[in-house]
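Computed from a prediction, not measured in an experiment: that's the story for all the values here. The chain is numbered in sequence order, starting from 1.
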Amino acid sequence: MRVYNFSAGPAMLPLEVLEQAAAEMTDWQGSGMSVMEVSHRGKQFIAAAEEAESLMRELLAVPDDYRVLFLQGGATGEFAAVPMNLAGEGDTVDYVNTGSWSKRAIGEAKRYATVNVVADEKSSNYTTTPSPESVRPKEGAAYLHYTPNETIGGVEFGYVPDTGDVPLVADMSSTVLSRPIEVSRFGLIYAGAQKNMGPAGLCLVVVRDDLIGRARPSTPSVWDYAAMAKAGSMLNTPPTFGIYLLGLILRWLKGRGGLVAMGEINRAKAERLYAAIDRSGFYSNPVNPDARSWMNVPFILADGRLDETFLAEAQAAGLTNLAGHRSVGGMRASIYNAMPIEGVDALIDFLKEFERRNG
Ligand code: PMP
């Protein structure tokens, strides 16, 4: 039985995509092999990788002066690759701190550059985003980095910071492809795949041409954007299965009307779930309404002693992985692209029923 999987990542994938992958698992495109067994330099795989890149360009409306790279090492690898590629030794780099993932990015950047935290939402216990006026780069900053969606805190920016000539770098791991974005506002976007783009192991980087070719000499080649761009992301063996599955997901997305249509569905899903939480006196979400994430919805029960019962009963009802991140506890429903609105409705019904019995 398929369940509604509310995991923050690796996350639920569209059933149609999984079924297609299963159907062609042992004989991909008449090759007599699975896609995992064919050469990454063979015609068939190159065509699949090119299709994935071109669909990504089309769906995200990536301008021509940006490269799309398929890398490894996850978003955590990019926490280091970004300063290694965009900042020289001793350069200052600006970071916005909106919670757990910002902190991880800052910690890694400190190993390579002087980090200036331009805005820090500590005073609200990371339940807010800074005002647009406070997200301004410091003179001479090599770039400004922020986390548009904090997966653990469920905090999301409702705007794109204006950093003028200073390149804006965004960790879009948990928001990429969830709605349209204006790529030209960013110098660099990166995202791990395991939420909206397929299995873990693939990391997307979209980077403006003028930011490529500045890597410090000690940068590992697999994270040097120039080396990877030159090699078509195939300096070494790429995560072939992940690239193949990304292609299927992008086709699925396009078939559903692309990012405009997906954004409308995602907005509706989030609005319904927050409304249900806000209506009840039993569940609550701590995030400031204008900073609430469409993708990750944390909530707590009025009585934390009921947490285990809640999770067990949800599991029995086919609603899985609702436990909050191990660092914060409580609950969290991640509702990425592949979570249908019916899954959100099933969760809302369960929330009401659990409250009726325990509230
Ligand atoms: N940034 C954000 C916003 C994330 O949600 C995650 C993973 N949950 C990461 C970075 C780290 O990604 P990875 O595990 O792919 O390194």
Side-chain angles (χ1 to χ4, degrees), residues 10 13 17 20-21 24-25 27-60 62-82 84-86 169 171-173 176-177 183 186-251 253-254:
L13 295 171
V17 166
Q20 182 177 345
E24 55 195 25
M25 182 62 82
D27 182 8
W28 181 58
Q29 295 184 352
S31 64
M33 294 176 267
S34 76
V35 69
M36 290 175 279
E37 299 164 295
V38 302
S39 166
H40 59 292
R41 310 233 180 249
K43 266 201 193 109
Q44 272 177 310
F45 187 78
I46 295 280
E50 283 175 358
E51 189 198 350
E53 178 180 338
S54 96
L55 282 170
M56 182 66 81
R57 286 187 166 277
E58 180 185 338
L59 286 163
L60 272 182
V62 178
D64 287 345
D65 59 335
Y66 285 74
R67 288 310 103 218
V68 170
L69 306 178
F70 296 141
L71 308 181
Q72 299 184 64
T76 304
E78 291 311 307
F79 290 165
V82 165
M84 286 193 284
N85 278 271
L86 305 189
V169 176
D171 172 4
M172 291 210 180
S173 295
V176 70
L177 298 177
V183 174
F186 301 88
L188 187 147
I189 290 164
Y190 64 93
Q194 64 273 22
K195 297 147 197 308
N196 264 339
M197 297 190 291
L202 172 70
C203 184
L204 171 75
V205 170
V206 179
V207 54
R208 208 172 60 213
D209 281 339
D210 64 293
L211 299 174
I212 298 178
R214 306 178 178 186
R216 53 184 81 180
S218 56
T219 306
S221 305
V222 290
W223 283 326
D224 177 340
Y225 302 140
M228 272 306 211
K230 190 160 166 249
S233 300
M234 291 200 198
L235 187 82
N236 65 329
T237 316
T240 50
F241 188 76
I243 293 172
Y244 152 79
L245 214 82
L246 170 66
L248 298 190
I249 286 186
L250 295 173
R251 271 197 224 160
L253 257 177
K254 190 176 167 178

Going by atom types alone, do S34 and E37 pair a side-chain donor with an acceptor below 3.5 Å?
yes
Over all heavy atoms of both residues, which pair between I212 and A229 is shortest? Give the atoms and the distance, please.
CD1-CB, 4.4 Å
Taking atom CG of L69 and atom OG of S233, what is their separation to the nearest 0.5 Å?
4.5 Å
Non-hydrogen side-chain atoms of V68 and R57 separated by less than 4.5 Å:
yes
Sequence-distant partners of S173, side chain to side chain donor-acceptor pair (under 3.5 Å), two or more places apart:
D171
With a 4.5 Å cut-off on side-chain heavy atoms, are S39 and F45 touching?
no
Heavy-atom donor-acceptor pair, N85 side chain to D224 backbone, under 3.5 Å:
no
Go through the steps for M172 and Y190 under the test side-chain contact (heavy atoms from CB on, under 4.5 Å), then give the verdict.
CA-CA 6 Å; M172 291 210 180; Y190 64 93; over 6 Å; no
Correct closest heavy-atom pair for N196 and V176 would be ND2-O, 2.9 Å
Taken in chain and number order and not counting sequence neighbours, the residues that satisfy salt bridge (Lys or Arg N to Asp or Glu O under 4.0 Å) with D27 are none
Measure the spacing between CD of Q29 and CD of Q44 and express it to the nearest 0.5 Å.
5.0 Å
L188 vs Y225, test: side-chain contact (heavy atoms from CB on, under 4.5 Å). Steps then yes/no.
CA-CA 11 Å; L188 187 147; Y225 302 140; 3.5 Å; yes
So CG of L253 and CG of L55: to nearest 0.5 Å the spacing works out to 9.5 Å
Test of understanding: with salt bridge (Lys or Arg N to Asp or Glu O under 4.0 Å), list the residues that count as partners of E58, not counting sequence neighbours.
K254
What one should report as the nearest heavy-atom pair of C203 and G192 is SG-N, 4.2 Å
Please walk me through it: do R251 and Q20 pass side-chain contact (heavy atoms from CB on, under 4.5 Å)?
CA-CA 12 Å; R251 271 197 224 160; Q20 182 177 345; 3.9 Å; yes
Decide yes or no on side-chain contact (heavy atoms from CB on, under 4.5 Å) for M25 and M36, but give the supporting numbers first.
CA-CA 9 Å; M25 182 62 82; M36 290 175 279; 3.6 Å; yes
Minimum heavy-atom separation for I243 and P238, please, with both atom names.
CD1-CB, 3.8 Å
Scanning both residues in full, the closest heavy-atom pair of D210 with R214 reads O-NE, 3.4 Å
I'd like to know if R208 and D65 make a salt bridge, using a cut-off of under 4.0 Å between side-chain N and carboxylate O.
no
Partners of D64 by side chain to side chain donor-acceptor pair (under 3.5 Å), sequence neighbours excluded?
none
CG-OH distance between L211 and Y66, expressed to the nearest 0.5 angstrom
8.0 Å
Would you say W223's side chain and Q72's backbone share a donor-acceptor pair under 3.5 angstrom?
yes
Q194 side-chain N/O to G201 backbone N/O, donor-acceptor pair under 3.5 Å
no
Go through the structure and list residues passing salt bridge (Lys or Arg N to Asp or Glu O under 4.0 Å) with K230, not counting sequence neighbours.
none
State, to 0.1 Å, how close L202 and P239 come at their nearest heavy-atom pair, and which atoms those are.
CD1-CG, 3.8 Å
L13 side chain near L245 side chain, heavy-atom distance below 4.5 Å:
yes
With a 4.5 Å cut-off on side-chain heavy atoms, are L246 and M56 touching?
yes
Pairwise distance CE(M197) to CG(L204) - rounded to 0.5 angstrom
4.5 Å
Filter on side-chain hydrogen bond (donor to acceptor under 3.5 Å, both in side chains), then keep only pairs touching residues 237-250, sequence neighbours left out; what's left?
E24-Y244
Close side-chain approach of M228 to N236, heavy-atom, < 4.5 Å
yes
Without swapping roles, check the side chain of R41 against the backbone of M234 for a donor-acceptor pair under 3.5 Å.
yes
